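Below, read A as the first sequence line, B as the second, and so on, with proteins coming before strands; counting in each chain starts at 1. This is a predicted model, so every value here is computed, not measured.
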2 protein chains.
Amino acid sequence: MSQTVDRALSILPLLAQGPADLGQVAARLDVHKSTALRLLRTLHEHGLVYRQQDQRYRLGARLFALAQEAVESLDVREIAHPHLVSLGEQCGHTVHLAVIEDSEVLYIDKVESRYPVRMYSRIGKPVAVTVAAVAKLLIADLSEAERRALAERLDFPMYTPRSIPNAAAFLKELATVREQGWATDLGGHEESINCIGAPIRGTDGRVVAAMSVSAPNVVVTADELLALLPLLRRTADAISREYSGNAHQPAPVAVPAPAPPAPPVLQKEIS
Amino acid sequence: MSQTVDRALSILPLLAQGPADLGQVAARLDVHKSTALRLLRTLHEHGLVYRQQDQRYRLGARLFALAQEAVESLDVREIAHPHLVSLGEQCGHTVHLAVIEDSEVLYIDKVESRYPVRMYSRIGKPVAVTVAAVAKLLIADLSEAERRALAERLDFPMYTPRSIPNAAAFLKELATVREQGWATDLGGHEESINCIGAPIRGTDGRVVAAMSVSAPNVVVTADELLALLPLLRRTADAISREYSGNAHQPAPVAVPAPAPPAPPVLQKEIS
DNA sequence: GATCCCGTTGCAACATGTGCAACACCCATT
DNA sequence: AATGGGTGTTGCACATGTTGCAACGGGATC
C-alpha cells in the first residue's frame, strides 16, 4: 500500500539471508542506489539494520529487542508458562506452546527437560503447519470457509510417509481434531517423534493457543504417550480457566494513551 | 531520512509496549488516521504487525523469524557456541556471549547450567553498558575519540553502590580493561553477582565479541571466580583463533546475488 | 431506530521520494 | 605515481507517491 515503506521492509528478509552491500540491496529492490541508501539509512536510524565494518549491512539489534518485548507481552504465554514447567517436570518430555497468526503457526514457549542447550533457537520458528499437533488444533478452530481456503493454499510436503498428503486428508483430520478436542502427530514430521496436543480456550470458547507434548519413540511408545493425554488436557484446561478468569487488562487509561502499563520486570539483568 | 518509512518504523516500538488501535497509533504518530492505516497495512503485509480479533494491532510473527535468522547467521556465534558449552560444563556457571552494535551491547548467546528455564528471555536484551564486563571489553576496544564521545553520552545509573558512577571513572576503567585484556564486574549491577569477561578478537586484532562467566557470590567468592580467569581466557583465545582461521564466507557468487548460501539446517523441526 | 465511534475509501493538492549525474574515496593494477 | 574500476555519497529538478480531508459504512450503545 505504501511503496516506500514496502521497499524498505523488503530489505529486511533480504538481509536475513546474510549481509549485503548497497549495490546488492539496490539491485534486488530494483531501485537506484541512492534510493536504497536512503532506505537503509532510515532503517539504520531505527536500529533495524546495522552496518558492519566492511560497510555491508546486517539485521540490527533492535529487532531482537522488539521480538523480545512482543513475546513477553503475550498474556497467554505469561499465564501458561508455570503450567508448562509443571507439566514438563511431571512427564519429562518437551512441552510446546503455540499460537496462530494470520496463517502462520508459531511456538511462543517451550520447556525441555533433557537438552537445555540452544533452547531459544526454536521459539519464533514457523511450525510445519500441515502436520504439527498444535497447528491442527489452531486451524481446526477457524471457520469452515477459512479452513477450506487455507487448505487449498497450502503445500503438503511429505516429511515422512505418515505426513498428511493433501488438502482433503487435512480437512478430514481437522474435522476429527475439532470433534475430539485434542490432536496428535504420530511420526508425521519426524519419523521417530510423536506428539499429543490440546487447545487453550478464551472466555468465548475460541482457541487462543495450543500446547503439546513431544517425545521420541525410543523413549516412549505412541501408546504410552497417549496415556498422558488426560494430564495434558487437564493442564490445558487449567490454563484456559486462568486465562479466561483475569480481564486481559485493567482497562486502558485514556485514548491519547499516556504509555500503557509497562510490562512487569520479570527477571533482573546480569552482566 | 525518509519520512514515510520513519513513521512506519516508529510504530514498531510503540506496539512493543502493548496492542493499540488505529486511533491510538495515529495520535502517537501525530498523523491522520488514514495515513496510519496505510502504514499499518504495509507493515501487516510484511508480517511485522498482526491484527488481533479485537482489531487492535500487535507486533507480528515475522519479527521473530527475522530475529532468529539474524542471530543464527552471526558467524562468531556459530563458532563460539560449542566453546561456551564446554566452558559451562567445566565451571558450572552462566556463560554469556555478547557483541556491540553502534552503541548498544547485546547478548547473542548464553549457556546456563542450573536454571534451564526461560533461557531465551535474555538473548537480545540490551546490556547494562556501564557496568557489564562484556560491555567494558567491547567499548574498551573502540578508538579513544569514540570512547570519550560514548562516555559523555551515557547515563550512569547506580544499580548498586559499586556501580561505575560517572564518565571519568568509566574511562579509567576502560583504560584498565584495555591494558590487562580482561574485565570484571564485581557487584556493579547486582550486589550479589560477580562476573569476569574476556575478549574475542578477529584477524586484525580488533575485538569482535566478548564472553563472560557470571556467578552469585553465595556460590563462589569473587576470588574463586577470578581463579577461573585463565580458563576463561584460554577459551576466548581458542574462539579467536578459530574465528580468524576460517575465511568468513567462501566469497559471494555474483553481484545480482542469486540467493546467498542458505544457512545450514542445524536443528530439525518437531511438532 | 437514532446516535456515536471507529475503520475505511476516493480524491485533489502538495510535499516527498526518486533517478540522474557528478563527486569523493579506496584499492588494485600498471 | 598515476590510472582505472569499484564503491558509497551528495544536490538537484521532476513527478510520483503520500497526505489530509470529507464522506461513507458498519457495529455497538442508548
Side-chain angles (χ1 to χ4, degrees), chain A residues 1-12 14-15 18-46 48-58 60 102 143 203-204 206 247-249 251-257 260, chain B residues 1-11 14-15 18-46 49-58 60 102 143 203-204 206 247-249 251-257 260:
Chain A
M1 287 261 112
S2 169
Q3 191 188 63
T4 318
V5 178
D6 185 55
R7 284 173 170 169
L9 297 183
S10 303
I11 294 177
L12 298 179
L14 192 158
L15 291 185
D21 63 25
L22 179 61
Q24 293 170 335
V25 172
R28 292 261 203 120
L29 289 187
D30 199 32
V31 296
H32 198 271
K33 280 189 306 177
S34 59
T35 305
L37 178 66
R38 276 184 292 257
L39 297 177
L40 282 164
R41 276 227 259 260
T42 312
L43 289 168
H44 179 86
E45 276 174 22
H46 286 258
L48 297 185
V49 309
Y50 170 63
R51 196 158 198 193
Q52 33 187 35
Q53 286 102 342
D54 62 354
Q55 303 243 80
R56 294 190 307 168
Y57 293 92
R58 288 211 109 284
D102 289 319
S143 73
T203 13
D204 52 0
R206 295 217 45 189
H248 295 197
Q249 262 106 3
V253 196
V255 177
Chain B
M1 286 261 114
S2 167
Q3 191 189 63
T4 319
V5 178
D6 185 55
R7 285 173 170 169
L9 297 182
S10 303
I11 294 177
L14 192 158
L15 291 184
D21 63 24
L22 180 61
Q24 293 171 334
V25 172
R28 292 260 204 121
L29 289 187
D30 198 33
V31 296
H32 198 269
K33 280 188 305 177
S34 59
T35 305
L37 178 66
R38 277 183 293 257
L39 297 176
L40 282 164
R41 275 227 259 261
T42 311
L43 289 168
H44 179 87
E45 275 173 23
H46 286 259
V49 310
Y50 169 63
R51 194 157 198 194
Q52 36 187 32
Q53 285 101 344
D54 63 353
Q55 305 241 80
R56 294 190 307 168
Y57 294 91
R58 284 212 112 284
D102 287 321
S143 71
T203 14
D204 53 0
R206 295 216 46 189
H248 296 198
Q249 263 107 2
V253 196
V255 176

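OP1 or OP2 of dT9(C) lies within a sub-4.0 Å distance of a side-chain N or O belonging to R41(B).
Looking at residues two or more places apart in sequence or on another chain, you find a side-chain contact (heavy atoms from CB on, under 4.5 Å) between Y57(B) and L15(B), L37(B), L40(B), V49(B), R51(B). Annotation: side chain to side chain donor-acceptor pair (under 3.5 Å) contacts of H44(B) (sequence neighbours excluded): none. Evaluation of the salt bridge (charged side-chain N to carboxylate O under 4.0 Å, His left out) rule for D30(B) yields no partner, not counting sequence neighbours. Every residue was checked against the salt bridge (charged side-chain N to carboxylate O under 4.0 Å, His left out) condition with D204(B), not counting sequence neighbours, and none meets it. Applying the side chain to side chain donor-acceptor pair (under 3.5 Å) test to R41(B) and every residue at least two apart in sequence or in another chain returns nothing. For E45(B), the side chain to side chain donor-acceptor pair (under 3.5 Å) criterion is met by no residue, not counting sequence neighbours.
The CG-C1' distance, from L22(A) to dG6(D), rounds to 12 Å in whole Å. Atom pair Q55(A):CD and dC27(C):C1' shows a separation of 13 Å (rounding to whole Å applied). Here dT9(C) presents its C1' atom at 9 Å from CG of L37(B), a figure rounded to the nearest Å. Summarising the geometry, the separation between CG on D54(B) and P on dC6(C) is reported as 13 Å, rounded to the nearest angstrom.
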How does each nucleotide of nucleotides 17-30 of chain D score, in 5' to 3' order, for protein heavy atoms under 4.0 Å: base (B), sugar-phosphate only (S), or none (-)?
SSBBBB--------

Side-chain donor/acceptor pairs under 3.5 Å, residues 2-10 of chain A, sequence neighbours excluded:
from   : atom 1 : to     : atom 2 : distance (Å)
D6(A)  : OD1    : H46(B) : NE2    : 2.5
S10(A) : OG     : D6(A)  : O      : 2.7

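Considering only heavy atoms from C-beta on, Q24(B) comes within 4.5 Å of D21(B) through its side chain.
An angle of 40°, rounded to 10°, separates the two end axes of the helix from dG7(C)-dC24(D) to dT30(C)-dA1(D), each defined over five pairs.
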